[in-house]
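Lettering of chains follows the sequences in order, A, B, ..., and the numbering in each one begins at 1.
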There are 2 protein chains.
Amino acid sequence: MSSAANFLPTSASVKPPILPSRHTVHDLSIDHFDSEMSADHSDSHAPYLHLQARQAHQRMLEAMQVIRDLVKPTAKVVRAGDVLYRAGQPFDTVFLINAGAFKLVSRSLDGREQIVSLKFRGDWLGFSGIANGRHACDAVAMDTGNVSIIPYDALAEGCSRHTPLMSVVHSAMSTEISRERESLMSVCTLASQARVAEFLCAWARSMAQRGLRADELTLRMTRADLGNYLGMTLETVSRCLSRLAREQLIRFGERGRRQITIPDLARLENYVISGTAGKSTHLQ
Amino acid sequence: MSSAANFLPTSASVKPPILPSRHTVHDLSIDHFDSEMSADHSDSHAPYLHLQARQAHQRMLEAMQVIRDLVKPTAKVVRAGDVLYRAGQPFDTVFLINAGAFKLVSRSLDGREQIVSLKFRGDWLGFSGIANGRHACDAVAMDTGNVSIIPYDALAEGCSRHTPLMSVVHSAMSTEISRERESLMSVCTLASQARVAEFLCAWARSMAQRGLRADELTLRMTRADLGNYLGMTLETVSRCLSRLAREQLIRFGERGRRQITIPDLARLENYVISGTAGKSTHLQ
DNA sequence: CGACCCTTTGATTCTGGTCAAGAATCGTGG
DNA sequence: CCACGATTCTTGACCAGAATCAAAGGGTCG
């Protein structure tokens, strides 16, 4: 895991980062369904990926292919701020993200709001609604994107007919469970700065797995969102990022402080692990 | 090192007799498979349940019935400390809890340990292993109990054959996702005392849903476990419980401080909600 | 250009973590 | 049945990290 550092894609084929903006029209060339879904696009990135990330990427592409073949879903374009579904709405569809980024926001009976998950290309949206027929959270686009709309009935029907499809769906749910747990682990066991660091690492790994640049992240969220997701205040997030930058573990892009460069991912990962970082809620 | 926690004898034929060694003899009348599964037992409790809890209870019983009818699993008795599976072991079976309580423990690459979930009768164990063929965490029994052993292949096969079974399984996974998120919400948005309070409320509701007493909880875990699960130190847990007791929101049982009485659940829930409790990682 | 939001940074407060001592409980062996 | 040692739990004193309050700088958009 340590040598994760050098799989930089030649920026030749790589696209300019999108400016995070609120509700303006976005350049679709990057995140557009077709361009990002095409096999040659993935090929152009694959050689630079680590074996593991590459395999994951491959599995994702295969899964998406299975869905397209068996379910033949319709697609839909979304822009930053668009809401795919809201908590409480009757559940009947799930979504597969072809491009873009989404946040899932839960609300408790009293007004507490919590970003419980971030989702990207290849992830599914809506599974949490299966259990009681209503969506359990809001799904909000953080950027221009594209999703496949998949009626749950059709999906279930397809699952019972095609074992590979069921396998894909079960894997996706299983992964979602695991990822949720990783978040919990992070929040419970890491001090704030390490938590921010790990968040960046996770984002980077996540991008790598999707065949995207992993060394230059463009966070599509405010410090407040970030803090909420990580269980700290926006001021603390800001301070932690500044400190990480001061310690040369990250750099801010010239295109604004939401763009973050990770010069050496292994070193950042190491900071999390060996860090001064513990929160000591030790077991036994 | 109490739980040297080795695997139970896995010999297909013989079930080990229930012989609690270092743990006190438990009264099995409540948690025993047969008694708790019997319809009249559930009837004897149902009248005291809220409508919602009762429906949930009903759904759980139906689901368990479906499993027994369609998969015909073998069962296995476990004692406190027994380990059903460990992180990293090849995944091939899931488990359905007939009785007892389990904790799921995740470990990060560096040594951090985190109890990511608590599971009870009607819950499933092992779903998180589907995605990459290996279990993602340890499953440890916190008490004498009984699980159905369900080979995943058989389950998948059954799912493709019987829609209701698939429905049950999908619901179970969906629920697991939602619950994981609730944990995250709790850890991220509540101050420690409110978090402890909410934990107790959740446990109580959970018991109610299973047709068990909801006003007298017997926590089967140490303060350290509790703290770990809730993301705080054991000392903080202790202080919070003491404070809750001082404020009459809970009472300690005469059978030890792991037994907790909730005289008025609504009041405790209200404390969480209206509480002095917020952690203010407010969104926007 | 000005209004608004986002971000950073500092000063201060306070919750919760750390360290330590003592009490209660459990399990074991006599 | 009791005594002893080992855990587990509670409580206090102290301290650190993160929340809160406040103000100023930067970007973006109308």
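- Between Glu176(B) and Arg181(A) there is a salt bridge, since a side-chain N of the basic residue sits under 4.0 Å from a carboxylate O of the acidic one.
- Between the base of dC9(D) and the side chain of Glu235(B) there is no donor-acceptor pair shorter than 3.5 Å.
- Looking at the side chain of Phe252(A), the nearest of the listed nucleotides dG17(C), dT8(C), dT7(C) is dT8(C).
- A close approach under 4.0 Å does not occur between any side-chain nitrogen or oxygen of Thr236(B) and OP1 or OP2 of dG16(C).
- To the nearest angstrom, P of dT8(D) lies 15 Å from CG of Leu219(B).
- The phosphate of dA18(D) has OP1 or OP2 within less than 4.0 Å of a side-chain N or O from Ser192(A).
- As rounded to whole Å, 14 Å separates atom C1' of dT15(C) from atom CG of Leu190(B).
- Summarising the geometry, the separation between CE on Met232(B) and P on dA18(D) is reported as 16 Å, rounded to the nearest angstrom.
- Taking atom CG of Leu241(A) as the reference point, atom P of dT7(C) lies 10 Å away to the nearest angstrom.
- Atom CZ of Arg255(A) and atom C1' of dT28(D) are 16 Å apart (whole Å).
- Applying the 3.5 Å distance criterion, the base of dG12(D) shares a donor-acceptor pair with the side chain of Arg239(B).
- Checked by atom type and distance alone, the side chain of Asp138(A) pairs as donor or acceptor with a backbone atom of Ala87(A) at under 3.5 Å.
- We find that Glu216(A) and Arg251(A) are not joined by a salt bridge, their nearest charged nitrogen and carboxylate oxygen being 4.0 Å or further apart.
- Salt bridge status for Arg179(B) with Asp123(B): present, with a side-chain N to carboxylate O gap under 4.0 Å.
- The interatomic distance linking Arg223(B) (CZ) with dG17(C) (P) rounds to 16 Å, in whole Å.
- Regarding contacts with the backbone of dA18(D), every side-chain N or O of Thr233(A) stays at 4.0 angstrom or more from both OP1 and OP2.
- For Arg258(A), no side-chain nitrogen or oxygen approaches OP1 or OP2 of dG27(D) to under 4.0 Å.
- The phosphate of dT9(C) has OP1 or OP2 within less than 4.0 Å of a side-chain N or O from Ser242(A).
- One can place CG of Asp225(B) at 9 Å from P of dT8(D), the figure rounded to the nearest angstrom.
- A donor-acceptor pair is defined here as one N or O able to donate and one able to accept, closer than 3.5 Å; such a pair exists between the side chain of Arg195(B) and the backbone of Leu230(B).
- Between Arg257(B) and the phosphate of dT25(C), there is a side-chain N or O to OP1/OP2 separation shorter than 4.0 Å.
- One atom, CD of Gln259(B), and another, C1' of dC9(D), lie 16 Å apart when rounded to the nearest Å.
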